[in-house]
Amino acid sequence: MIQTIRKAWGIPELRKKIIFTALILLIFRIGNAIPVPYVNVVALETYLDQLSTTVLGLYNVMSGGAFAQATIFALGVQPYINSSIIIQLLTIAIPALERMARDGGEEGKKKIQSITRYTTIGIAVLQGWGYYMLMRNYGILNQQSIWVALVIIVSFVAGSSFVMWMGEQITEFGVGNGISMILFAGILSRVPSMVSTMYSSIAAGKLAWWMALLIVVGILALIVLVTFVNNAERRIPVQYAKRQVGRKMYGGQSSTLPMKVNMSGVLPVIFAQSIAMIPSTIAAFMKAPKEGTFWYSFLQAIDTKSVLYMIFYFLMIIGFSYFYSTIQFNPVEISNNLKKNGGFIPGFRPGKPTADFIKKVLNKVTLFGAIYLGIVAILPLLIGKIVGNPALSIGGTSVIIVVGVALETVQALESQMLMRQYKGFLE
């Protein structure tokens with residue numbers, strides 16, 4: 001990775017893109033340090049520390065700690081990610097949007113992007129209002145009035161819209177996917193504070209050195225596993241029949257149909273985690289029940305440290321993995337495309353037999369990818385239970401995002417360099 005960045009830095013055009021990306025990320029980090037007015041940041045941090053295992057803790061990790069400090073970028077890229085997922089699902093459910101995405105060409109893509117932007121602003125307004133109500137109800141605001149509510153909500157919405165714009169600028173003029181890069185920068189910015197917290201815990205005797213070593217080894221093992229599986233794919237051989245057009249012969253070559261093992265990325269983990277944390281999030285806003293009562297036993301059973309939660313979380317990840325692989329990979333459509341282009345899979349007739357074979361392979365690959373995601377998500381929970389640190393429950397999601405974005409960025413740089421090498425060769 002370092003070698004790739006060094007080579008890319010030697011190309012003037014890529015150097016400009018890297019510098020532009022770094023400047024945008026610097027602006028993002030500066031915005032993460034500017035709090036909105038009228039908020040008691042110390043009281044907010046103390047309150048959200050108690051909710052580290054809820055959905056609010058997940059939002060705080062995704063925003064790089066800005067959510068707990070109520071900065072102008074507190075909502076981060078969450079509204080944009082949510083709107084992208086919603087529009088993606090609606091594109092499948094609504095025929096008009098499906099036709100626009102499939103047959104609309106470049107103009108159709110622009111309309112879909114425009115709808116996604118407006119949806120992002122709408123979701124940001126709802127989340128900003130909910131965040132304001134949370135702070136107001138728990139006495140975290142220094143003042144309370146309509147003007148205070150307007151300033152805080154507008155600041156959150158404007159900050160989220162600006163983050164979305166910065167992500168689009170990175171995608172167009174920088175390196176890699178802009179939203180992923182901002183998410184990457186936010187999560188990575190928490191590493192120094194995590195290291196200092198761990199060191200302080202060891203020095204104070206709250207954390208044994210062997211437990212800290214176990215955490216570090218677990219994170220390194222996760223990074224290796226994520227790197228290996230992220231590049232893994234199942235390749236189905238495809239043969240193209242020879243056909244004569246005029247005096248020229250076309251086809252006859254062999255190719256492959258690749259299927260990535262982790263086709264849906266980190267989305268199943270984020271969705272499963274958000275849903276699985278809903279009961280504990282609701283319980284955090286309610287009065288704690290007395291020990292020995294039914295509700296106390298029920299909340300203990302569904303707590304993020306319980307075995308029942310881990311099983312439910314694991315099954316949710318598998319379910320969402322199959323859901324997203326079905327959305328992204330349509331065996332019938334791929335079979336029809338192969339048939340139109342004169343391609344076939346050796347040993348299977350074109351049409352339904354080919355589609356059934358592709359579906360069978362897809363189910364097997366998705367199962368392996370879903371189990372991998374489940375292991376990556378559950379392992380930090382188990383380590384957190386062993387060492388007594390529940391904040392590690394979101395560690396698996398963070399590792400998948402950071403490693404995945406790093407690999408995608410390196411691949412983007414390599415493809416850019418490859419294009420320029422071919423250009424020089426032709427000249």
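These numbers were taken from a predicted model, which means no experiment stands behind them.
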Check against side chain to side chain contact (heavy atoms under 4.5 Å, CB included), Y131 and L44
CA-CA 11 Å; Y131 197 14; L44 180 63; 3.2 Å; yes

Just wondering, do I182 and V163 contact through their side chains at under 4.5 Å, heavy atoms?
yes

Could you check if a side-chain atom of P12 sits within less than 4.5 angstrom of a side-chain atom of K16, using non-hydrogen atoms only?
no

Please set out all donor-acceptor pairs under 3.5 angstrom arising from side-chain atoms of residues 64-79, sequence neighbours excluded.
from : atom 1 : to  : atom 2 : distance (Å)
Q69  : NE2    : E45 : OE2    : 3.3
T71  : OG1    : F73 : N      : 3.4

Which residue pairs pass the salt bridge (charged side-chain N to carboxylate O under 4.0 Å, His left out) test with at least one member in residues 339-352, sequence neighbours excluded?
K352-D356

Which residues pass the salt bridge (Lys or Arg N to Asp or Glu O under 4.0 Å) test with K360, sequence neighbours left out?
none

Are I87 and T91 side-chain neighbours, meaning at least one heavy-atom pair lies under 4.5 Å?
yes

Identify which one of L367, V261, V229 satisfies the side-chain contact (heavy atoms from CB on, under 4.5 Å) criterion when paired with Y372.
V229

Taken in chain and number order and not counting sequence neighbours, the residues that satisfy salt bridge (Lys or Arg N to Asp or Glu O under 4.0 Å) with E233 are R235

What's the spacing between T354 OG1 and L338 CG if we round to 0.5 Å?
7.0 Å

Extract all donor-acceptor atom pairs below 3.5 Å that involve side chains of residues 152-161 and protein atoms in other chains or at least two apart in sequence.
from : atom 1 : to   : atom 2 : distance (Å)
S155 : OG     : V151 : O      : 2.6
S161 : OG     : V157 : O      : 2.9

Nearest-0.5 Å distance, CG of residue N230 to CG of residue L225
10.5 Å

I358 side chain reached by M259 side chain, heavy atoms, under 4.5 Å
yes

Output for pair (I140 CD1, L134 CG), nearest 0.5 Å, gives 6.0 Å

Could you measure the distance from the CZ atom of R136 to the CG atom of L141? Nearest 0.5 Å is fine.
8.5 Å

Donor-acceptor contact present, side-chain S180 to main-chain G176, <3.5 Å:
no

Set of residues satisfying side-chain contact (heavy atoms from CB on, under 4.5 Å) with respect to Q411, sequence neighbours excluded
N231

Nearest heavy-atom neighbours spanning V269 and Y313
CG1-OH, 3.4 Å

Applying ring pair (Phe, Tyr, Trp, His ring centres under 6.0 Å), can you list everything that pairs with W165, at least two apart in sequence or on another chain?
F162

Could you tabulate the donor-acceptor pairs under 3.5 Å formed by side-chain atoms of residues 318-325, not counting sequence neighbours?
from : atom 1 : to   : atom 2 : distance (Å)
S321 : OG     : I317 : O      : 2.8
Y322 : OH     : N363 : O      : 3.1
S325 : OG     : S321 : O      : 3.2
S325 : OG     : Y322 : O      : 2.9
S325 : OG     : T366 : OG1    : 3.4

Interatomic spacing from CD1 in I179 to CD in E168 - rounded to 0.5 Å
7.0 Å

Could you list the donor-acceptor pairs under 3.5 angstrom formed between side-chain atoms of residues 21-36 and any protein atom two or more places apart in sequence or on another chain?
from : atom 1 : to   : atom 2 : distance (Å)
T21  : OG1    : K17  : O      : 2.8
T21  : OG1    : V175 : N      : 3.0
R29  : NH1    : S189 : OG     : 3.2
N32  : ND2    : S63  : O      : 3.4

Going by salt bridge (Lys or Arg N to Asp or Glu O under 4.0 Å), name the residues that satisfy it together with E333, two or more places apart in sequence or in a different chain.
none

Counterpart residues, side-chain contact (heavy atoms from CB on, under 4.5 Å), relative to F228 (two or more places apart)
none

Under the criterion side-chain hydrogen bond (donor to acceptor under 3.5 Å, both in side chains), I'd like the reasoning laid out for S83 against T119: C-alpha separation, chi angles, the key distance, then a yes or no.
CA-CA 6 Å; S83 67; T119 309; 5.8 Å; no

Who pairs with F348 by ring pair (Phe, Tyr, Trp, His ring centres under 6.0 Å), at least two apart in sequence or on another chain?
F357

Going through the checks in order, is the side chain to side chain contact (heavy atoms under 4.5 Å, CB included) test met by F344 and V238?
CA-CA 6 Å; F344 64 93; V238 177; over 6 Å; no

Is any side-chain heavy atom of I236 less than 4.5 Å from a side-chain heavy atom of T256?
no

Closest heavy-atom contact between F184 and A406?
CE1-CB, 4.3 Å

Spell out, as yes or no, whether a donor-acceptor pair under 3.5 Å connects the side chain of S84 to the backbone of Y80.
yes

With the side chain counted from C-beta on, respond yes when I123 and Y118 share a heavy-atom pair under 4.5 Å apart, and no when they do not.
no

Measuring from E13:CD to R15:CZ, what's the distance to the nearest 0.5 Å?
11.5 Å

Looking at T409, V403, V405, which hits side-chain contact (heavy atoms from CB on, under 4.5 Å) with L407?
V403

